[in-house]
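One is the number of the first residue; the rest follow in order along the sequence.
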Amino acid sequence: MAKDRDQQRIAAAEKIRAAEEAFDTLGEALARAGVRLPSLGVDPCAYAATDPIPLIELGRCMPDVAFALAAVIDRGVEHRRACQG
């Protein structure tokens with residue numbers, strides 16, 4: 001039984017680490033694009049769950065930040081279409 005609990009803890013920790021890595025990666029990409037989401041973070045509930053399903057909270061932002069994010073996404077979509085021919 002203790003072994004099962006240890007395996008659950010390890011699996012939970014791996015999920016949390018993956019979510020934190022995704023948070024860092026997204027935050028860095030947004031920063032390179034000049035966009036900062038002030039509420040960006042890993043959902044705090046993930047840290048308390050035995051079997052977490054961690055979510056990345058994008059949170060709230062000012063309208064100008066939402067417009068900037070939309071513009072960055074649109075440029076990425078246009079670039080992808082151009083590369084696909």
Side-chain angles (χ1 to χ4, degrees):
M1 241 194 314
K3 191 173 185 177
D4 288 341
R5 275 185 269 147
D6 288 344
Q7 289 175 338
Q8 286 176 334
R9 285 188 193 116
I10 291 169
E14 288 172 356
K15 289 179 183 179
I16 296 296
R17 274 193 296 277
E20 290 171 341
E21 182 180 347
F23 157 73
D24 289 340
T25 301
L26 179 58
E28 291 165 3
L30 288 169
R32 287 192 299 274
V35 176
R36 182 179 173 277
L37 296 177
S39 300
L40 181 67
V42 176
D43 179 6
C45 294
Y47 294 99
T50 304
D51 185 18
I53 301 174
L55 301 173
I56 307 303
E57 290 189 359
L58 301 180
R60 302 179 301 178
C61 65
M62 299 293 289
D64 61 326
V65 175
F67 285 125
L69 180 57
V72 168
I73 291 169
D74 285 341
R75 283 195 304 270
V77 169
E78 289 171 14
H79 176 75
R80 178 178 282 168
R81 285 183 184 150
C83 289
Q84 290 175 345

Asker: Is it true that atom OH of Tyr47 has more than 12 heavy atoms of other residues, nucleotides or ligands lying nearer than 6.0 Å?
Answerer: yes
Asker: State plainly whether the residues Arg9 and Asp6 are in salt-bridge range, i.e. N to O under 4.0 Å.
Answerer: yes
Asker: Quick one: pull up CG in Leu69 and CG in Asp64 and give me the separation to the nearest 0.5 Å.
Answerer: 11.5 Å
Asker: How close do Ser39 and Gly59 get, counting heavy atoms only, and between which atoms?
Answerer: CB-CA, 3.5 Å
Asker: Rounded at 0.5 Å granularity, tell me how far CD in Glu57 sits from CG in Leu37.
Answerer: 12.0 Å
Asker: Closest heavy-atom contact between Pro52 and Thr50?
Answerer: CD-O, 3.4 Å
Asker: Take Arg32 and Glu28 through the side-chain contact (heavy atoms from CB on, under 4.5 Å) test and state the conclusion after the steps.
Answerer: CA-CA 6 Å; Arg32 287 192 299 274; Glu28 291 165 3; 3.8 Å; yes
Asker: Cluster question for you: counting only ILVMFWY and a side-chain heavy-atom cut-off of under 4.5 Å, with indirect links fine, are Leu30 and Val77 together?
Answerer: yes
Asker: Please round to the nearest 0.5 Å and tell me the distance separating atom CD of Gln84 and atom NE2 of His79.
Answerer: 10.0 Å
Asker: Going only through I, L, V, M, F, W and Y residues with side-chain contacts under 4.5 Å, is there a path from Leu40 to Ile73?
Answerer: yes
Asker: Heavy atoms only: give me the nearest Ile16-Ala46 pair and the separation to one decimal.
Answerer: CD1-O, 3.4 Å
Asker: Passes side-chain contact (heavy atoms from CB on, under 4.5 Å), Leu26 versus Leu58? Steps please.
Answerer: CA-CA 10 Å; Leu26 179 58; Leu58 301 180; 3.7 Å; yes
Asker: Quick check: closest heavy atoms across Lys15 and Asp51, and the distance to 0.1 Å?
Answerer: NZ-OD1, 2.7 Å
Asker: Can you name the closest pair of heavy atoms from Ala19 and Ile56 and give their distance?
Answerer: O-CD1, 3.2 Å
